[in-house]
Q: 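Take this structure first; my questions come after.
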Amino acid sequence: MTAPWPPAPPTGPVAQDPRPAVPVDVGTAFQLLCGVAALGVVNLFATLAMVAADRKTFADQLIKDVHAQDPTVEISASAAEGLLLVGLGVTALLGLALTGLYLLFVFKMRSGRNWARMLVTMIGVTMVFFAIPALFGLGAGGGVAGMVAGGAGILQAVLSVGAVILMHRSESNQYFVPGPKAQ
């Protein structure tokens, strides 16, 4: 005999999902923080493009710095540019790894971990302080890449502030309290 298709619904008591529903504010904060991570990648690559576009200046400075430390060491311009490109590659990999780690914290925050909420809050506040110079046009390089990096930094700060506010509202606070959660 074959079983009926589709299977009949269970007739006994159904086990409840032990995880509480994610509050709307926490879900929205999660989305904002994912936007912060995406803008971080945009900011990273815009900054790398800005440095790569002006690599001759950076390579010349590297040669001068090496010569100032030890006049007997000779480094060619092509070797300096090669070192700079390797440094940019390592910076890109490190930046992407840190973005992945940040996203891990964001996912842990969404699942109700208070330590992750606090850590993401501290990172968000730090982003706001780093965006202040860009807000006034200070420290940004020229060209399109500098404008993209500065704009991404400002947008990261704005999204971070919104997420921090949402993560600390009363309904969100109840979600992060340890112990059994009310549904």
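As the structure is a prediction and not an experimental result, all values here were calculated from the model.
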Q: How would you list all residue pairs meeting salt bridge (Lys or Arg N to Asp or Glu O under 4.0 Å) that involve residues 117-130, not counting sequence neighbours?
A: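 Output for this query is empty, none listed.
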
Q: Hey, mind stepping through Thr126 and Ile123 against side-chain contact (heavy atoms from CB on, under 4.5 Å) and telling me if it holds?
A: CA-CA 5 Å; Thr126 304; Ile123 293 170; 5.6 Å; no

Q: I would like to know whether Met109 and Phe176 meet side-chain contact (heavy atoms from CB on, under 4.5 Å); could you show each step before the answer?
A: CA-CA 9 Å; Met109 178 279 303; Phe176 289 105; 3.7 Å; yes

Q: Is there a path of hydrophobic side-chain contacts, each under 4.5 Å between heavy atoms of I/L/V/M/F/W/Y residues, joining Val41 to Leu88?
A: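 Yes, Leu88 and Val41 fall within the same hydrophobic cluster.
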
Q: Could you list all the ring-ring contact (aromatic ring centres under 6.0 Å, His included) pairs where at least one residue sits in residues 84-104, not counting sequence neighbours?
A: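 Of all non-adjacent pairs touching residues 84-104, none passes ring-ring contact (aromatic ring centres under 6.0 Å, His included).
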
Q: Linking I/L/V/M/F/W/Y whenever any side-chain heavy atoms sit under 4.5 Å apart, do Val90 and Leu84 land together?
A: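 Looking at the clustering, Leu84 is in a separate group from Val90.
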
Q: According to side-chain contact (heavy atoms from CB on, under 4.5 Å), who are the partners of Thr91, at least two apart in sequence or on a separate chain?
A: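 For Thr91, the residues satisfying side-chain contact (heavy atoms from CB on, under 4.5 Å) (neighbours in sequence not counted) are Leu44, Leu48.
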
Q: Do Leu93 and Leu98 land in one hydrophobic cluster if side-chain heavy atoms of ILVMFWY residues count as linked below 4.5 Å?
A: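 No; tracing contacts between hydrophobic side chains, which count when under 4.5 Å, never links both residues.
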
Q: Going through the distances and angles, do Leu119 and Met122 end up as a side-chain contact (heavy atoms from CB on, under 4.5 Å)?
A: CA-CA 5 Å; Leu119 190 57; Met122 289 186 290; 3.9 Å; yes

Q: To the nearest 0.5 Å, tell me how far Thr99 OG1 sits from Leu104 CG.
A: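 Here the rounded value is 12.5 Å.
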
Q: Would you name the heavy atoms of Gly153 and Ala131 that are closest together and state the gap between them?
A: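 Gly153 and Ala131 have their closest heavy atoms at O-CB, 3.6 Å.
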
Q: Report the residues that fulfil salt bridge (charged side-chain N to carboxylate O under 4.0 Å, His left out) with Lys108, sequence neighbours left out, ordered by chain and then residue number.
A: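 Salt bridge (charged side-chain N to carboxylate O under 4.0 Å, His left out) check on Lys108 returns nothing, list empty.
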
Q: Give a yes or no answer on whether the side chain of Tyr175 reaches the backbone of Ala21 with a donor-acceptor pair at less than 3.5 Å.
A: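 No; judged by distance alone, with no hydrogens or angles, the pair does not exist.
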
Q: Donor-acceptor pairs under 3.5 Å, side chain of residues 159-172 to any protein atom, not counting sequence neighbours: which ones?
A:
from, atom 1, to, atom 2, distance (Å)
Ser160, OG, Gln156, O, 2.8
His168, NE2, Thr121, OG1, 2.9
Ser172, OG, Leu166, O, 2.7

Q: Could you work out, with salt bridge (charged side-chain N to carboxylate O under 4.0 Å, His left out) as the rule, every residue matching Asp60, not counting sequence neighbours?
A: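 Testing Asp60 for salt bridge (charged side-chain N to carboxylate O under 4.0 Å, His left out), a comparison that skips the adjacent residues, returns Lys56.
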
Q: Thr57: which residues meet the side-chain contact (heavy atoms from CB on, under 4.5 Å) condition with it, sequence neighbours left out?
A: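 In terms of side-chain contact (heavy atoms from CB on, under 4.5 Å), with neighbours along the sequence ignored, Thr57 is linked to Asp54.
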
Q: Which residue pairs pass the ring-ring contact (aromatic ring centres under 6.0 Å, His included) test with at least one member in residues 45-101, sequence neighbours excluded?
A: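 The answer is none; no pair qualifies.
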
Q: For Ala149 and Thr47, work out which heavy atoms get closest and say how close.
A: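 Looking at all heavy atoms of both residues, the shortest contact is CB-OG1, 3.7 Å.
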
Q: Return each pair, listed once, that meets salt bridge (Lys or Arg N to Asp or Glu O under 4.0 Å) where at least one residue sits in residues 81-106; pairs must be two or more places apart or across chains.
A: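 Sorted result for residues 81-106: Arg55-Glu81.
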
Q: Ala38: which residues meet the side-chain contact (heavy atoms from CB on, under 4.5 Å) condition with it, sequence neighbours left out?
A: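 Counting only residues at least two positions away or on another chain, Ala38 forms no side-chain contact (heavy atoms from CB on, under 4.5 Å).
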
Q: Can you name the closest pair of heavy atoms from Val42 and Ala152 and give their distance?
A: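 Result for this residue pair: CG1-CB, 4.3 Å.
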
Q: When you group the ILVMFWY residues by side-chain heavy-atom contacts below 4.5 Å and let the links chain together, are Phe107 and Val120 in the same group?
A: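 Val120 and Phe107: one cluster.
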
Q: Could you list the donor-acceptor pairs under 3.5 angstrom formed between side-chain atoms of residues 23-37 and any protein atom two or more places apart in sequence or on another chain?
A:
from, atom 1, to, atom 2, distance (Å)
Thr28, OG1, Val24, O, 3.0

Q: Side-chain heavy atoms under 4.5 angstrom apart, residues restricted to Ile, Leu, Val, Met, Phe, Trp, Tyr: same cluster for Val106 and Leu101?
A: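 Linked within one cluster.
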
Q: Just jot down the side-chain contact (heavy atoms from CB on, under 4.5 Å) partners of Asp65, sequence neighbours excluded, or say none.
A: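 Asp65 satisfies side-chain contact (heavy atoms from CB on, under 4.5 Å) with Gln61 once adjacent residues are dropped.
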
